[in-house]
Amino acid sequence: MTSKAMSLSYLQGKNGIFSWIFSLDHKRIALLYLYSILTFFIAGATLGVLMRLELLNPGRDIMEAQTYNQVFTMHGVIMIFLFIIPSIPAIFGNFFLPIMLGTDDVSFPRLNLLSWWIYIIGAIMALSTLLWGDGPADTGWTFYAPYSVKTGTNVTMAVLAAFVLGFATILTGLNFIVTIHRLRTPGMTFLKMPLFAWALYATSWIQLLATPIIGITLLMITAERVFGVGLFDPSIGGDPILYQHLFWIYSHPAVYIMALPAFGIISEILPTFANRTIFGYKAIAFSSLAIAFVGYFVWGHHMFTAGMSGTARVIFSVMTFLVAIPTSVKVFNWVATLYKGSINVQPPLLYALAFIFQFMIGGLTGVVLGALAADIHLHDTHFVVGHFHYVMFGGTGFALFGALHYWYPKMWGRMYNKLVANIAFVFLFVGFNMLYFPMLVLGLMGMPRRYYDYLPEFHVPNMISTYGSWILATGLLLMFGNLIAGAWRKREPIGRNYWKTGITLEWQTLSPPPVSNFDRMPVLPKNGPYDYDNKPEIEE
Amino acid sequence: MEHVSGFSLPNSGHNRDAEASKMGMWLFLFTEILLFGGLFIVYMVYRSLNPEAFLMASFELNVWMGTTNTVVLLVSSMTIAMSITAIQKGNRKLSIQLMVLTLVAAVIFMVIKYFEWSAKIEHGLFPGQAVYDNLPPGESLFFFLYFFMTGLHVFHIIIGSIVIGFAIHRTAKGRTTKEKYTLTENAGLLWHLVDLIWIYLFPLFYLIH
């Protein structure tokens, strides 16, 4: 009896809603985050599909210009602040960081729970803007002054929501840094940590050191709206360019908050399905830190056309190009990992491969935008929208889906239907590229972004793009449906290491893991975390 | 499965780890510095754009009150540091007394601040008041930043006082001891930061001519 009680999984034991929303267990908090974040993702994606529907034909299709402005703002706010910034760290970081380090929780379990509650409060604040006054903000998610100071829509509440959500990010980052420093299992030095932990470490530092700047900037926007002082409004002595600087000092590093954890996921999936050690462990680990560091000094590339000295522009442009170096170091190492591996094609690997392909397009179009001359032409066109979605959705989004498929058997001790997963993947891959590649073309042709209408010559690519959005939406429905349906499939014994070739510590414990994560002391491979030559034999 | 029962990891996240708490506090302080850092950047930019107006406006501030407050805060930093030393030596009573002294200093600071602010508001210098609205843009920015930055600072004084209040409570209950004094130490760290920020605010608003 007692031994049975001890091997209860984290899903069993205490029941009822309060055992979840007040749980201190990092795995339960991760699932809270998972369900809330994916809900907002579906809401944001729905708004995206509506925007594409409006752009199907020139002129008005389904909504007025003002509604369109509010829809793209809401889409941006939800996708950025409620979905992609917390996504991978808050879900998979929370769930797997402690397990991968061989410990039973994060350093501050209470703070961890608090961060989820703050996230929910921020989300309620953001969504409340739908219900009262002149409706949700129509400024775009960037809240550029002076318009954000003047518009009658609920900018103040949206801005305060983003401010509150920032706290959740900071607390998660703080928690992870301390956890990585203090709770690694005996024998796991920094250079024996899994690469996902390295990616989270770099991410957490950005979360910690960049988020306060946006916090104070958003407070200033609020103060300006409430007291009518001329901080950023030029008609009363303010400087709108200063707002842009402050905003991007945070928001550029923030795109690495979104991207770095995805790199970590890919670095986990590839060795497992290539059944060999990762190529260039140290290069991948340190390139995360390099990206985090260089990423602080490139914010000006969002403002090449906003008014800046020539010298500043050249410096920001060169720094932007520099980011490409550590990023491509990663890509080369991932591809080299596959070389001569014994490749096992499974759904998570497909997502990882799609990630590499799409992230490369996203990264290279980023270099195009970082070039001063090209940016003058491409600034504020659909090219930027295409680039951003290739990086964020084609990159981070696909990595998140890959992670869901990779860790699904570990998290729930069940399995989804692989055939359906593969079909859903094909829909997602085709739909995604059909949706966003035409945007790159449209941008080169000169179609501006954030317009609900366009000239007739842009019609065909816009149609293709909208058709793509339907294929993508179908893929999303199939994928989520398949993952949810897994809950009703007949339970088969999953075993500790479902993929057989998983080597990091989470594959040494039960599926799903017990409350205290391990039922016996985890064993480290001899030479680093991906040492397949000395992979410990783990009995069931 | 006998080995299952009773197994627990040595490196548990639920262990008491004073080192981790302190590290967490330091990381939090970094975020605080960056929070005010954004405001310092704004101050710097607008001061360099409107040097004359900032100078004129700064004459409105009462240097004596500012100086007194600086002294009060410096003394409070000393008392909280001494209270940590006291608890390290096992003297709980002295530690509590010193923390109470720190709180007294915090109250004095806020009372002085209250008189300073109400003098400005009487002169109509708060954003939205008649005099303020007719100030040249540079001067109004100065007063706005003055209220915003000192206001945010006072907010931190209040938060810091609450944390010290908790530390006093814990010490009085006997849960903070010679061996376990992380909360007192962290309260001290936070308090020093609040002090440090004032050390920068004071010359920026009152002294630079």
Side-chain angles (χ1 to χ4, degrees), chain A residues 2-7 24 26 98 101-109 111 170-171 173-175 177-179 181-186 208-217 219-220 223-224 226-231 236-239 242 245-246 249-250 514 516-522, chain B residues 1-15 17-42 44-46 49-50 53 126-129 132-133 135-145 147-149 151-152 155:
Chain A
T2 47
S3 74
K4 198 180 171 201
M6 290 305 291
S7 60
L24 296 182
H26 66 103
L101 298 180
T103 176
D104 66 349
D105 212 324
V106 289
S107 270
F108 308 116
L111 223 50
I170 289 176
L171 291 183
L174 187 154
N175 220 334
I177 293 178
V178 178
T179 306
H181 275 281
R182 299 296 300 169
L183 290 179
R184 283 168 285 121
T185 194
L208 204 70
L209 297 183
T211 316
I213 306 280
I214 191 84
I216 198 68
T217 310
L219 274 192
M220 282 189 263
E224 179 149 10
V226 174
F227 297 114
V229 283
L231 270 178
I236 37 177
D239 184 354
L242 181 61
H245 277 293
L246 289 170
I249 285 176
Y250 161 74
S516 56
N517 287 354
F518 291 96
D519 56 347
R520 53 190 181 222
M521 200 62 199
Chain B
M1 301 231 316
E2 314 83 44
H3 59 283
V4 171
S5 55
F7 174 77
S8 65
L9 291 157
N11 53 328
S12 164
H14 298 277
N15 292 346
D17 185 352
E19 220 26 61
S21 311
K22 239 194 306 183
M23 191 186 281
M25 194 58 184
W26 274 105
L27 293 175
F28 176 71
L29 296 186
F30 290 170
T31 71
E32 290 280 24
I33 289 173
L34 280 154
L35 189 79
F36 278 93
L39 284 167
F40 285 133
I41 290 175
V42 171
M44 186 179 78
V45 168
Y46 285 130
L49 288 177
N50 315 287
F126 194 77
Q129 287 183 305
Y132 178 90
D133 284 345
L135 285 175
E139 289 191 32
S140 65
L141 272 174
F142 178 89
F143 284 111
F144 174 73
L145 286 172
F147 282 116
F148 197 78
M149 291 170 84
L152 193 63
F155 177 71

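Proteins come first, then strands; the chains are lettered A, B, ... in the order of their sequence lines, and each starts at number 1.
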Sort out for me which of [options] touches chain B most, counting heavy-atom pairs under 4.5 Å.
options: A/I213, A/L101, A/L174; result: A/L174
options: A/T217, A/D239, A/I170; result: A/D239
options: A/M521, A/H245, A/R184; result: A/M521
options: A/L171, A/D105, A/L219; result: A/D105

Could you tell me if the side chain of [Y] sits less than 4.5 Å from the side chain of [X], heavy atoms only?
X: B/F144; Y: A/E224; answer: no
X: B/I33; Y: A/P212; answer: no
X: B/T31; Y: A/T211; answer: no
X: A/V229; Y: B/F143; answer: no
X: A/R182; Y: B/N11; answer: no

Open item on the list: Has B/D17 got a side-chain atom pairing as donor or acceptor with A/S107's backbone, closer than 3.5 angstrom?
Closed with: no

- [ ] Give every residue pair that meets the salt bridge (charged side-chain N to carboxylate O under 4.0 Å, His left out) criterion with at least one member in residues 18-27 of chain B, sequence neighbours excluded.
- [x] B/K22-B/E185

TODO: Test A/L242 against B/Y46 for side chain to side chain contact (heavy atoms under 4.5 Å, CB included), laying out the working first.
DONE: CA-CA 10 Å; A/L242 181 61; B/Y46 285 130; 3.7 Å; yes

Open item on the list: With a 4.5 angstrom heavy-atom cut-off, is it the side chain or the backbone of A/H181 that approaches chain B, or both, or neither?
Closed with: side chain

TODO: Please state whether the side chain, the backbone, both or neither of A/P98 comes within less than 4.5 Å of a heavy atom of chain B.
DONE: neither

Task: Closest contact, heavy atoms only, B/L34 versus A/L209 - done: CD1-O, 3.2 Å

Open item on the list: Looking at every heavy atom in both A/L231 and B/L141, which two are closest together, and how far apart are they?
Closed with: CD2-CD2, 3.8 Å

Task: Engaged part of B/P136 at the chain A interface, taking heavy atoms whose separation is under 4.5 Å - done: neither

TODO: Flag the pair B/F126 / A/F227 as yes when their ring centroid distance falls below 6.0 Å, and as no otherwise.
DONE: yes

Open item on the list: Side chains of A/D104 and B/H14: any donor to acceptor distance under 3.5 Å?
Closed with: no

